[in-house]
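In what follows, a structure is listed as structure tokens, so that the remarks can point back to it.
Computed from a predicted structure; not experimentally measured. In listed order, ligands and their atoms are each counted from 1.
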Amino acid sequence: MKKKILCVVGTRPEAIKMAPVILALKAEPWANVRLLATAQHRHMLDQVLDFFDIEPDIDLNIMRPNQALTTLTARLLLELDLVLEAEKPDIVLAQGDTTTVMAAALACFYHHIPFGHIEAGLRTGDLQSPFPEEANRVIAGRLARWHFAPTESSRENLLREGISDSNITVTGNTVIDALLMTAAKDCALGIDLDSDKRLILVTSHRRENFGTPFRNICRALQALAERNPNVQFLYPVHPNPNVKDVAYELLGPFPNIHLCAPLEYAPFVTAMKRSYLIISDSGGVQEEAPALGKPVLVLRDETERPEAVDQGVVKLVGANFERILAETQRLLDDAAAYRAMARGVSPYGDGRASERIVRVLREHFG
Ligand code: UD1
Ligand code: UDP
């Protein structure tokens, strides 16, 4: 009898990081793989699933414009309850720290279904930051049976919380599997950029930056764009209204800042490859950019991904006007400082994380 594995995805980064695992599991003769899309994101999720040619078996279509976290959580739990009751999977797998993941882990606990957590053990140690992700991953980690930790330091975080070493496997991050699969295809960017100008790629969406911090980030980008007319900025804007409305209002008028809708994954990888440096508060981008040899200035004061900071290829600049300005300008003007950060190291994986995850599951279920 095949074992039923229910994979759960809700948002863009979960789909990117789960896609290599889902594809690898589908090749296993002992596994009956089912995909549940909560669709906490709609358009951004569909883009990724289309790109990897993966179709959900169940779609909860949970996204509503500007949905509050409590409403989102409550609706997810009600829907997940029905799905688990009907599907009765042998195991549920989910990745990361979104509300979808936390709700999936909790619903599995209530149904006595073992939960496997991919990208386990990332911690800042501050429940408020990133908000609500730190709490989401602490809860998912407490309830999980299998912990697939991307790095040795994430494994150590789990051990400190009393998780048994025998339930943890260090696998690398599946985002590098997805990145290598995608980068090899060399997709066109599809946006008209000046080939003579250096490109700074920007993304930002963190909830703890909403309001004044995000306005500070935008003011710093304004100042950089004014001071460096020979540099072009590309900013695919996250659709959360708290980000989108402010970004278009403050950055729209600048001729060398190109704002666009979220890019599909393959063109976004092309944009990372084409960029001179990246300014971002994204978790996934902090993992991908070092593997592509691109420096990242992170718009946060702390990170649950300290490995690339320790290696000197990622730097924290906060949502701080002066620091964003000074560090970006330094990387534009100081070739030695730039070279030191553009070394091409990949602390988060070697492209074989999904293979290691599948091996653990095969040994147990296969
Ligand atoms: C979510 C995750 C965050 C993750 C991020 C990745 C939570 C609480 N937040 O943040 O951890 O880092 O995704 O991008 O789990 N929207 C659209 N179209 C889309 C997606 C979102 O219009 O395809 C808008 C909707 O108005 C939606 C809002 O964005 O209500 C917020 O979406 P939500 O999933 O709650 O949070 P994100 O900020 O996207
Ligand atoms: N990404 C994308 N299109 C974009 C911006 C980002 O495909 O316009 C990809 C990026 O390469 C990374 C992931 O989305 O793999 C990161 O998602 P996000 O920043 O939304 O979430 P986080 O990683 O912070 O949870």
Check Thr203 against Ser282 and note the closest heavy-atom contact, atom names and distance.
OG1-CB, 3.7 Å
Over all atoms of both residues, closest heavy-atom pair of Leu180 and Asp350:
CD1-O, 3.9 Å
Taking atom types as modelled, find out whether His111 and Asp81 have a side-chain donor-acceptor pair closer than 3.5 angstrom.
yes
Name the option, out of Glu14, Gln40, Met102, His41, that contains the heavy atom nearest to atom 13 (O) of ligand 1.
His41
Hey, which atoms in ligand 1 end up nearer than 4.0 Å to a heavy atom of Pro241?
26 (O)
Hey, is Pro13 touching ligand 1 through its side chain, its backbone, both or neither, going by heavy atoms under 4.0 Å?
side chain
Take Phe210 and Val243 through the side-chain contact (heavy atoms from CB on, under 4.5 Å) test and state the conclusion after the steps.
CA-CA 7 Å; Phe210 288 176; Val243 172; 3.6 Å; yes
Quick check: are there more than 12 heavy atoms from other residues, nucleotides or ligands sitting under 6.0 Å from OH of Tyr248?
yes
Counting only heavy atoms, tell me which of Lys244, Gln47, Met63 gets closest to atom 22 (O) of ligand 1.
Met63
Considering only heavy atoms of Arg206, which atoms of ligand 1 have at least one such atom less than 4.0 Å away?
12 (O)
What protein heavy atom sits nearest atom 11 (O) of ligand 1, and how far away is it?
Glu133 OE2, 2.5 Å
Just checking Phe131: does its CZ atom have more than 12 heavy atoms from other residues, nucleotides or ligands closer to it than 6.0 angstrom?
no
Can you check whether Arg42 has an N/O within less than 3.5 Å of an N/O in ligand 1?
yes
Quick note on ligand 1: atoms under 4.0 Å from a heavy atom of Met44 include exactly 20 (C), 23 (O)
Atom indices of ligand 1, in the order listed, that fall short of 4.0 Å to a heavy atom of Leu69:
8 (C)
I'd like to know if the side chain of Glu134 and the backbone of Thr124 have a donor-acceptor N/O pair within less than 3.5 Å.
yes
Under 4.0 Å from one or more heavy atoms of His238, ligand 1 contributes atoms 14 (O), 37 (P), 38 (O), 39 (O)
So which of Gln67, His43, Arg207 gets nearest to atom 33 (P) of ligand 1, if we judge by its closest heavy atom?
Arg207
Considering non-hydrogen atoms of the protein only, which is the closest contact for atom 8 (C) of ligand 1, and what is the distance?
Thr99 OG1, 3.2 Å
Between Tyr276 (side chain) and Lys197 (backbone), is there a donor-acceptor pair under 3.5 Å?
no
Regarding Asn242 and Asn240, do their side chains bring together a donor and an acceptor under 3.5 Å, going by distance alone?
yes
Under 4.0 Å to a heavy atom of Pro132 - the qualifying atoms of ligand 1, by number:
8 (C)
Looking at every non-hydrogen atom in both residues, tell me the closest pair between Val237 and Pro262 and how far apart they are.
O-CD, 3.3 Å
With no hydrogens and no angle check, is any side-chain donor or acceptor of Asp334 less than 3.5 Å from a backbone partner on Ala336?
yes
Enumerate the atoms of ligand 1 whose separation from the nearest heavy atom of Asn66 is less than 4.0 angstrom.
25 (C), 26 (O), 27 (C), 30 (O)
Considering heavy atoms of the protein only, find what lies nearest to atom 4 (C) of ligand 1 and give residue, atom and distance to 0.1 Å.
His205 CE1, 3.8 Å
Within the protein, flag every N or O under 3.5 Å from an N or O of ligand 2, and note the pair and distance.
unit_1: ligand 2; atom_1: 3 (N); unit_2: Arg12; atom_2: NH1; d: 3.3
unit_1: ligand 2; atom_1: 3 (N); unit_2: Leu263; atom_2: O; d: 2.7
unit_1: ligand 2; atom_1: 8 (O); unit_2: Leu263; atom_2: N; d: 2.8
unit_1: ligand 2; atom_1: 11 (O); unit_2: Glu288; atom_2: OE1; d: 2.7
unit_1: ligand 2; atom_1: 11 (O); unit_2: Glu288; atom_2: OE2; d: 3.3
unit_1: ligand 2; atom_1: 14 (O); unit_2: Arg12; atom_2: NE; d: 3.3
unit_1: ligand 2; atom_1: 15 (O); unit_2: Glu288; atom_2: OE1; d: 3.3
unit_1: ligand 2; atom_1: 15 (O); unit_2: Glu288; atom_2: OE2; d: 2.7
unit_1: ligand 2; atom_1: 19 (O); unit_2: His205; atom_2: NE2; d: 3.4
unit_1: ligand 2; atom_1: 19 (O); unit_2: Ser282; atom_2: OG; d: 2.7
unit_1: ligand 2; atom_1: 20 (O); unit_2: Arg12; atom_2: NE; d: 3.4
unit_1: ligand 2; atom_1: 20 (O); unit_2: Arg12; atom_2: NH2; d: 2.8
unit_1: ligand 2; atom_1: 21 (O); unit_2: His205; atom_2: NE2; d: 3.4
unit_1: ligand 2; atom_1: 23 (O); unit_2: Ser282; atom_2: OG; d: 3.4
unit_1: ligand 2; atom_1: 23 (O); unit_2: Gly283; atom_2: N; d: 3.4
unit_1: ligand 2; atom_1: 23 (O); unit_2: Gly284; atom_2: N; d: 2.7
unit_1: ligand 2; atom_1: 24 (O); unit_2: His205; atom_2: NE2; d: 2.8
unit_1: ligand 2; atom_1: 24 (O); unit_2: Arg206; atom_2: NH1; d: 3.3
unit_1: ligand 2; atom_1: 24 (O); unit_2: Gly283; atom_2: N; d: 2.8

Do any nitrogen or oxygen atoms of Arg64 lie less than 3.5 angstrom from nitrogen or oxygen atoms of ligand 1?
yes
Among protein heavy atoms, which lies nearest atom 38 (O) of ligand 1, and at what distance?
Asn240 ND2, 3.0 Å
Would you please classify the geometry between the Phe214 ring and the Tyr235 ring as parallel, tilted or perpendicular, with 30° and 60° separating the classes?
perpendicular
Strictly distance-based, threshold 3.5 Å: is any side-chain N or O of His117 a donor or acceptor partner for the main-chain N or O of Gly96?
yes
Do other residues, nucleotides or ligands put more than 12 heavy atoms under 6.0 Å from the NE2 atom of His43?
no
